[in-house]
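Side chains included, hydrogens not; waters and symmetry mates left out as well; all remaining heavy atoms used.
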Amino acid sequence: MNNSPFVRKPASVQSVMLQVLLALVPGIAAYVWFFGAGILVQLLIASAAALAGEAAMLAIRGKPKALFLTDLSAIVTAWLIALTFPPIVPWWLTVTGTLLAVVVVKQLYGGLGQNPFNPAMAAFCLMIVAYPALMSQWPAAGQLDFGTQLKLIFGGLREVDAITGATPLDALRTALRSAASPDSQLHGLRTGQLMDGPAFGLLGGKGSEWIALGYLVGGLWLIQRRIITWHIPAAFCAALFVCAGLLWGMRPDGFASPLFHLASGGAMLGAFFILTDPVSGATTPRGKLLFAAGAAILTYVIRVFGAYPDGIAFATLLMNILVPLIDMNTQAPVFGHKKD
Amino acid sequence: MLRKLFKFHGGVKPHTNKTQSTTAPIAAVPLPERLAIPLHQAVGGHPRPLVAPGDRVFKGQRIGGADGSLSSAVHASTSGIVRDVAPAIMPHTSGLTTLSVVIEPDGEDAWGELEKINYRSTPPDELRDYLRDAGVVGLGGAVFPSYAKLKPGKNGALKTLVINGAECEPFITCDDLLMRERAADMLKGIVAMRHMLHAEEVLIGIEDNKPEAVAAVRAAIAASGEKGIEAVAIPTRYPAGGAKQLIRVLTGIEVPHGRRSTDFGVQCFNVGTAYSIFEALEHGRPLISRVVTVAGNVAAPRNYDVLIGTPMDHVVRLAGPRADTDRYIMGGPMMGVRLPGFDVPVVKATNCILVGSPALFPPPPPEMPCIRCGECAKACPADLAPFEMYWFSRSKNFGKAQEYHLFDCIECGCCSFVCPSHIPLVDYFRFSKSEIWAREREKDSADSARDRFEFKNFRQEREKQEKADKLAAKAAATREKVAGDTAAAPAAAEADAPAAKPKPSADDAKRALIEAAMEKARQQKAQVAPKNTDNLAPEVQANIAAVDARRETAAPPAKPAAGKPDA
Ligand code: SF4
Ligand code: SF4
């Protein structure tokens with residue numbers, strides 16, 4: 001090394017990614033506890049597919065394989081895919097989604113650090129558009145044993161409608177809509193009563209609220225490790241809370257509570273692990289706040305008024321598009337040019 | 001009484017590695033066989049040689065006269081015979097040469113006649129000329145001529161005089177030891193500076209990892225009975241010793257890039273500079289030596305009082321370099337420069353000779369793409385977004401890089417230090433800056449007619465000047481023969497009048513040789529450091545002036561702007 005500095009902090013992309021993976025562990029543990037070990041199989045499938053896709057693309061692009069395969073960034077993408085896809089999608093769907101993420105969204109855009117879109121969320125959107133039915137089957141907690149899950153993942157068994165329902169978010173929305181219609185047998189029921197169903201827990205979906213808690217714990221640890229900053233999670237949660245609180249405050253019977261929104265679906269995963277992806281997210285402190293608040297509002301709108309089970313993925317992609325604009329307009333004043 | 005301190009954004013905490021070299025007091029160095037003293041050691045004009053091969057010189061005799069409005073004199077660091085006045089390798093990564101005076105010591109180490117000065121009764125202008133001719137420059141690493149900074153600014157008085165004893169670079173302890181051992185004398189220098197600047201208060205900023213230095217300075221202040229001078233322990237965080245960062249920490253003022261700190265009522269000097277001002281005023285001794293830390297890959301890291309011009313390996317030998325030594329770095333590990341050899345001379349900018357080895361400073365892991373994690377921005381003390389500047393530097397979109405305040409970068413290295421992708425960010429910024437200067441130069445040279453015209457004028461002026469010089473030299477030689485007096489006082493004479501130098505043996509042939517060498521040095525300099533930057537914004541110009549000078553002087557700063565013109 002010819003130029004200063006001659007010393008460096010022992011930091012690496014690999015260690016950053018490794019810490020992100022570790023931070024996902026509490027959430028994964030809760031996942032396994034409530035929904036069975038099938039998710040572990042999905043994590044493995046996605047990881048293998050990600051590494052294979054990455055290796056092939058690195059070979060084609062003539063990049064050093066050992067260096068980039070061990071940076072663990074592909075594994076992070078793979079895990080986010082496995083954790084956002086329904087746990088019982090067939091293996092080929094996980095593989096296709098992961099390959100799309102790694103090969104198209106990441107490597108074709110130039111590889112590590114170059115992708116404007118969050119690879120995992122782009123894959124989620126593509127897959128839910130291509131396979132809306134498969135991507136909307138969410139088993140309830142404790143509903144399927146490991147054997148059934150394996151059968152669903154690897155072979156023939158596809159009586160999905162019979163054994164799986166929609167996500168709590170989806171279920172509640174459908175229920176609320178039909179409760180509003182005079183023809184429905186649910187007509188007149190209140191949100192609280194609707195949420196008495198077996199799919200719901202204390203705050204959100206049964207079991208999934210514990211997973212959300214796991215992600216929250218892992219995410220706070222990432223903040224403490226200074227891998228991510230507080231801006232995105234805080235702004236996302238605050239904005240989602242405010243949006244949900246406004247409508248819920250006006251009509252508690254027509255809308256889910258803010259806490260339900262925070263504890264449901266991918267909110268925590270999104271706040272701490274998806275939107276905080278540095279590559280595709282905003283980078284300035286003020287930009288992060290805007291970026292995350294925007295994502296929260298979009299998420300809420302899609303959840304409540306859209307046709308998809310959760311809005312995080314689309315919200316993330318939409319905000320990804322705005323990142324250059326946000327970053328450019330939120331540069332902090334430099335030394336000596338602050339107005340204070 | 002606790003003073004309210006301010007924070008600067010970012011910064012890093014590298015291992016300080018300072019304790020190793022602070023166990024023993026500052027040591028003397030035996031005279032080397034030869035000293036090579038570069039004439040150009042400070043920001044500003046290239047001093048003109050005042051001696052020729054064969055001349056006898058005394059210790060402290062002026063051998064290079066300040067040239068131009070901003071320039072600083074250079075002196076013989078010991079008595080002996082001038083063996084050569086020729087380009088010699090300078091302590092800079094480039095490996096370029098610079099006109100140097102080679103002296104063979106006679107072993108006497110005999111001072112010439114020294115003239116003291118009473119700063120209280122001397123008019124400010126004379127005092128500044130005196131300090132210019134005593135060669136006093138900023139010893140924090142930026143080597144900006146001190147006399148030019150000893151003006152109170154447009155308000156006629158200064159609120160705060162900041163004295164920089166922070167010494168934030170790892171390994172370096174020369175200021176620490178200086179404060180421990182010479183606090184009382186340093187304080188006298190500070191009092192003189194306060195007098196010149198009409199400063200209301202003096203704050204001496206010292207990082208709190210140097211409790212002994214803080215105590216020593218406080219004791220000296222108490223013993224002196226001086227009021228309005230305070231030694232302040234500041235949190236240890238690199239680069240707290242950057243002039244702007246230190247001013248911010250002590251006063252809360254942020255001096256923007258390209259502005260003079262005196263406009264904000266502040267001026268900043270290094271503790272070593274204060275000590276050399278004391279030496280110059282109290283004893284009439286010009287700046288011919290400095291405290292240098294030898295640290296790193298040596299058995300016994302230590303501080304030495306080193307004569308300017310001493311070959312570095314001569315000093316390092318005393319500290320016992322280890323066998324796997326592969327380089328010397330001038331300055332610290334964060335901002336130091338790798339030197340082209342082991343025998344380069346110690347100059348006024350040399351605060352530390354950091355002895356390196358592949359084990360001590362291993363090459364960085366392979367560079368990865370930027371993942372936009374923002375670590376660099378969190379660490380940047382100038383509040384920049386290094387990764388954005390990196391992106392634009394890489395794609396050679398220099399206009400955009402400038403929009404992201406490339407020229408506010410103080411090259412402190414914090415961003416490179418923290419980057420998990422091991423990107424040599426500072427290298428990209430140095431590269432971009434030099435590319436931008438080069439482009440400005442090209443743009444300007446398009447206006448070649450004007451250039452040629454100006455050059456012609458310049459040459460004619462120069463020739464006239466040289467003729468006058470020759471006449472003056474002859475006259476002086478005659479006068480001296482008549483007077484039979486060959487001693488030369490370092491301080492009394494006009495800056496660029498060679499009349500003041502004892503040069504009975506100087507003949508025109510020698511002079512021509514020296515002129516040719518100087519011209520060559522000048523050309524080299526022009527290659528490295530472009531001028532013609534009139535079309536740039538004033539703040540860019542100011543930066544160019546600073547960095548420019550740094551690049552050409554063989555004296556790149558080891559600390560951010562400890563004596564920069566704008567700080
Ligand atoms: S620290 Fe390195 S990887 Fe992170 S944003 Fe800065 S340049 Fe990019
Ligand atoms: S080198 Fe420049 S960009 Fe990097 S941290 Fe220092 S001031 Fe900021």
Note to self: Please identify which of these residues, B/His9, B/His257, B/Gln245, meets the side-chain contact (heavy atoms from CB on, under 4.5 Å) condition with A/Phe335.
What the structure shows: B/Gln245
Margin query: Looking only at heavy atoms and a cut-off of under 4.5 Å, which of A/Ala11, A/Gly113, A/Pro10 has the most pairs with chain B?
Written below: A/Ala11
Check: Pick from A/Thr229, A/Thr283, A/Val16: which one has the most heavy-atom pairs with chain B under 4.5 Å?
Finding: A/Thr283
Item checked: A/Tyr109 atom OH, over 12 foreign heavy atoms within 6.0 Å ->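 Counting neighbours around OH of A/Tyr109, 12 or fewer heavy atoms of other residues, nucleotides or ligands fall under 6.0 Å, so no.
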Check: Would the number of heavy atoms belonging to other residues, nucleotides or ligands and lying under 6.0 Å from NZ of A/Lys63 be above 12?
Finding: no
Under 4.5 Å between any side-chain heavy atoms of [X] and [Y], yes or no?
X        : Y        : value
B/Val426 : A/Pro5   : yes
A/Pro333 : B/Glu254 : no
A/Leu112 : B/Ile371 : yes
A/Gln331 : B/His405 : no

Next item on the list: For B/Trp391, check side chain to side chain contact (heavy atoms under 4.5 Å, CB included) against everything at least two apart and list the hits.
Entry: A/Gln114
Checklist line | Contacts of type ring pair (Phe, Tyr, Trp, His ring centres under 6.0 Å), residue A/Phe117, not counting sequence neighbours | finding: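 Listed in chain order: nothing, the list is empty.
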Check: What part of A/Val13 gets closer than 4.5 Å to chain B, counting heavy atoms only: side chain, backbone, both or neither?
Finding: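 For A/Val13, heavy atoms of backbone and side chain both lie under 4.5 Å from chain B.
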Next item on the list: Quick one: do A/Asp277 and B/Arg372 satisfy salt bridge (charged side-chain N to carboxylate O under 4.0 Å, His left out)? Show the steps, please.
Entry: CA-CA 9 Å; A/Asp277 164 33; B/Arg372 293 167 51 89; over 6 Å; no
Margin query: Before you tell me yes or no, could you show the steps for A/His337 and B/Asp383 under side-chain contact (heavy atoms from CB on, under 4.5 Å), namely the whole-Å CA-CA distance, both residues' side-chain angles and the distance that decides it to 0.1 Å?
Written below: CA-CA 10 Å; A/His337 298 280; B/Asp383 304 82; over 6 Å; no
Checklist line | side-chain contact (heavy atoms from CB on, under 4.5 Å) evaluation trace for A/Lys9 with B/Glu375 | finding: CA-CA 11 Å; A/Lys9 200 169 140 176; B/Glu375 279 301 309; 4.1 Å; yes
[X], part contacting chain A, at a heavy-atom distance under 4.5 Å:
X        : result
B/Ile423 : backbone
B/Lys13  : neither
B/Pro381 : backbone
B/Leu360 : neither

Next item on the list: Test B/Tyr404 against A/Met328 for side-chain contact (heavy atoms from CB on, under 4.5 Å), laying out the working first.
Entry: CA-CA 10 Å; B/Tyr404 280 88; A/Met328 210 189 305; 3.8 Å; yes
Next item on the list: Evaluate side-chain contact (heavy atoms from CB on, under 4.5 Å) for A/Phe6 paired with B/Arg338, printing each intermediate quantity in order.
Entry: CA-CA 9 Å; A/Phe6 299 94; B/Arg338 183 177 183 160; 4.2 Å; yes
Report, one line per pair, each donor and acceptor closer than 3.5 Å where one atom sits in a side chain of residues 216-225 of chain A; sequence neighbours left out.
residue	atom	partner	partner atom	Å
A/Arg225	NE	A/Gln19	OE1	2.8
A/Arg225	NH2	A/Gln19	OE1	3.3

Check: Any residues in residues 64-74 of chain A near chain B, with a heavy-atom distance under 4.5 Å, and which are they?
Finding: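 Residues in range: A/Leu67, A/Phe68, A/Asp71.
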Next item on the list: Nearest 0.5 Å please: distance from the CG atom of A/Asn3 over to the CZ atom of B/Phe431.
Entry: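 If I round to the nearest 0.5 Å, the distance is 13.0 Å.
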Check: How far does CD of B/Glu411 sit from OG of A/Ser4, to the nearest 0.5 angstrom?
Finding: 8.0 Å
Item checked: Test item: A/Arg8 side-chain N/O and B/Val418 main-chain N/O as donor-acceptor pair under 3.5 Å -> no
Next item on the list: Could you tell me which of B/Gly356, B/Ser416, B/Pro170 has the largest number of non-hydrogen atom pairs under 4.5 Å with chain A?
Entry: B/Ser416
